[in-house]
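Working notes for the structure below.
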Amino acid sequence: MGLEGQLTGTFVGTRLSDALNWARKYSLFQYPFVTACCGMEFMATACSHYDISRFGAEIPRFSPRQADLLFVVGTVSHKLAPVLRKVYDQMCDPKWVVAFGACASSGGFYDNYCTVQGIDTIIPVDVYIPGCPPRPEQVLDALMMLQEKIQAEPLEKQA
Amino acid sequence: MSKNVLERLQARFADQVEETHSNQGDDTAYVKRDKLVELLTFLRDDAELAFNLPVDLTVVDWYQKREPRFEVVYHLYSTTKKHRVRLKVRVDEDDARVPSSFPVWPGFDWFEREAWDLYGVRFEGHPNHTRIMMWEGFEGHPLRKDYPINKRQPLTTLLGEQK
Amino acid sequence: MSEILIETEGGDLDSAPMNLQMGPSHPAMHGTIKMRVKLDGEIVQKTEVEVGYLHRGFEKSCESVTWSQVMPYTDRLNYVSPLCNNVGYCMAVEKLIGVRATERCEYIRIIMAESSRICDHLTCVGASAMELGGFTAFLYAIEAREELWRLTETVTGARLTHSYCRIGGLKDDLPVDFLPNYRVVEKKVRSLVADMHALLDRNRIFLDRMKDVGSMTAERALQWGFTGPVLRSTGSDYDVRKASPYMLYDRFDFEVPVGTKGDNYDRYLVRMEEIEQSFRIIDQCLKQMKPGPVNLEDGRLLLPPKDEVYGSIEGTIAHFKIIMDGIQVPPGEVYSYTEAGNGELGFYLVSTGEGRPYKCRVRPPCWSLMQGLHELLEGYQIADIVPTFGSVNMIGGECDR
């Protein structure tokens, strides 16, 4: 916004970042990068039973330019890795990444020639969700953790 | 009925069928690759056999266990006669090629590309003989027994390597 | 208007074909498919489907683990109906060893596989309705699936990746309150399926997008190696459960629904009817099955009971041998086939007599469907790619393995 440098550390600056972060954490527009099994649990989380919209993150945006939260759901192979990187690069700041499930976090039990051993070797990750696949409750928990993280972000990081 | 398939095949292609067996209930015939397309066409068009469903095609790699190294395995099914057959073609590592069965069944199109990609067996006459699972530029054939399971060939620079 | 607003070279409007790339990260491509489409206006002239984005080395991984440890990998092949894969793999290994599971075990396997099939069809129909804008039907389908998953969880302990079957048996018998729980779930799911019928069957938009779109003849479908609901929608009645009944399928009275035109709408109807038939099969299972052992009394295959493991030296050794060395499978090769959600799921296993599979090949029904997909798309409009692709029910884990 241009003012960050002058406002850092001041009373106005901290209040402003609180307000901004509050708005951001409850209006996450997510980009579901769904590849594999975890997608089934992602669907379950998004639908009526678990209802991710209670946390303000129900709207999937399939254009990376309109999204600020990247859900990497499922196994990422080396063939798909450049695509993931490109999607991430196209997203505007501020942006966050959630590694959904064991495969996205670490490669899972696919320790072989074609699987990326965790997406954090390609892009930075904010929250990891364990589980193969994780239960919807775990996904919601991760979302709340991400919201806490967003709330705590200082103003200068949001430039 | 199932014995019938192998007998009929042997009667028609006596010089092409090397051996047959029905272990574990699956009729199997080892055939030579010279007249493979002709043989498959016969299996498809013969009124008694009428194999109309190309089920599966894969390769077994007998690395350092058997000679010749590769076995190309075909599985066929007939929905009208309700019988199955397995055909096997032995090929050597230095000469790993078989004629493409694409003209007989288009349904073996991707199976053959996969076999080339993962095992490195050539299918001569295939209209689009390219890799399918891995990408162009990938070195080696990952499902061969001498390809290490952990040998990765990343397409992007990994974050850890930049540091 | 008489004046010319835009002048084009040669006087006529430029109408060169346009190339368009869909995927791999496209909402309708299920994440793992890329299509190169050549368009003439809105008409699809040529399509090239590219797969392999979810290739995660199923075979190579299976070759490095014991026969029992393959089970979790099979779960993740067709992750919409994992129990069908479990059953298919166990049957293949049992065929190779030359044993057959107990009667009660087979009944339970059928019940679980059929409920998995219902989940598979619900997901497919719901997702393809959502892609056409029918979000309500999708919510109903997922609601129904959720009910079934909760029931499955009480049996297997997991919602999605169950690893329920064991070679020669099952993880456990059905829980004691399975029958009353099932009746409650069945009632709910049936009513939700009826709601979906009401929402979609005569919905004008749905009909216009689905009818006479993406059709194929039975003969051509067989040439491409199609199986399952996509083949049956064209009029061929090939269903492994009827054609070569495995397990106890010859004891049940059920129909194989077939279509006539092989278009999207036929595929939808076939899937919906198969849900109904699966309920019928489960009903008959529950009526016919009797109490009895679920596991074979075979120390070579199954782990000894825990009190034996801790209480006797033989039990400890047997446990240790099976865990460390794996089940000893005699040398040989076998092709075993079952009807999974998308068609004939085959396992081609090769054993050299060691504790690990020498080769564990799976014949994925989606693979055949994908190689012939372009024929379903060409000649139709670009917007028809979405419902056609949705109704084929491509599952990345199974297609690319």
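Throughout, a chain's letter reflects where its sequence line sits, starting with A, and its residues are numbered from 1. Source: prediction; values computed, not measured.
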**Study point:** Close side-chain approach of C:L377 and C:V37, heavy atoms under 4.5 Å
**Key:** no

Exercise for review: Can you tell which part of C:T227 gets under 4.5 Å to a heavy atom of chain B, answering side chain, backbone, both or neither?
Suggested key: side chain

Review point. Is the shortest heavy-atom distance from the side chain of C:M71 to the side chain of C:T74 under 4.5 Å?
Key: yes

Exercise for review: Kindly indicate whether the side chain of B:L39, heavy atoms from C-beta on, has any atom under 4.5 Å from the side chain of B:L87.
Suggested key: yes

Review point. C:Y238 versus chain B, heavy atoms under 4.5 Å apart: side chain, backbone, both or neither?
Key: side chain

Review point. For C:Y348, is it the side chain, the backbone, both, or neither that has a heavy atom closer than 4.5 Å to a heavy atom of chain B?
Key: side chain

Exercise for review: Measure up the B:H21 and B:Y30 rings against each other and bin them: parallel (under 30°), tilted (30 to 60°), perpendicular (over 60°).
Suggested key: tilted

Check your understanding: B:V5 and B:K81: side-chain contact (heavy atoms from CB on, under 4.5 Å), yes or no, with the steps?
Key -> CA-CA 11 Å; B:V5 176; B:K81 304 283 177 192; over 6 Å; no

Exercise for review: Please flag which part of C:V49 lies under 4.5 Å from any non-hydrogen atom of chain B: side chain, backbone, both or neither.
Suggested key: both

Check your understanding: Is chain C contacted by the side chain of B:D26, its backbone, both, or neither, given a heavy-atom distance below 4.5 Å?
Key -> side chain

**Study point:** Side-chain donor/acceptor of B:D27 to backbone N/O of B:L6, under 3.5 Å
**Key:** no

Point to revise | B:L57, part contacting chain C, at a heavy-atom distance under 4.5 Å | key: backbone

Check your understanding: Relative to chain B, which segment of C:V350 carries a heavy atom at a distance below 4.5 Å: side chain, backbone, both, or neither?
Key -> side chain

Check your understanding: Does any heavy atom of chain B fall under 4.5 Å from the side chain of C:E333, the backbone, both, or neither of them?
Key -> both

Revision key, fill the gap. Under 4.5 Å to a heavy atom of chain B? For C:L96 that would be both

Review point. For C:E344, is it the side chain, the backbone, both, or neither that has a heavy atom closer than 4.5 Å to a heavy atom of chain B?
Key: side chain

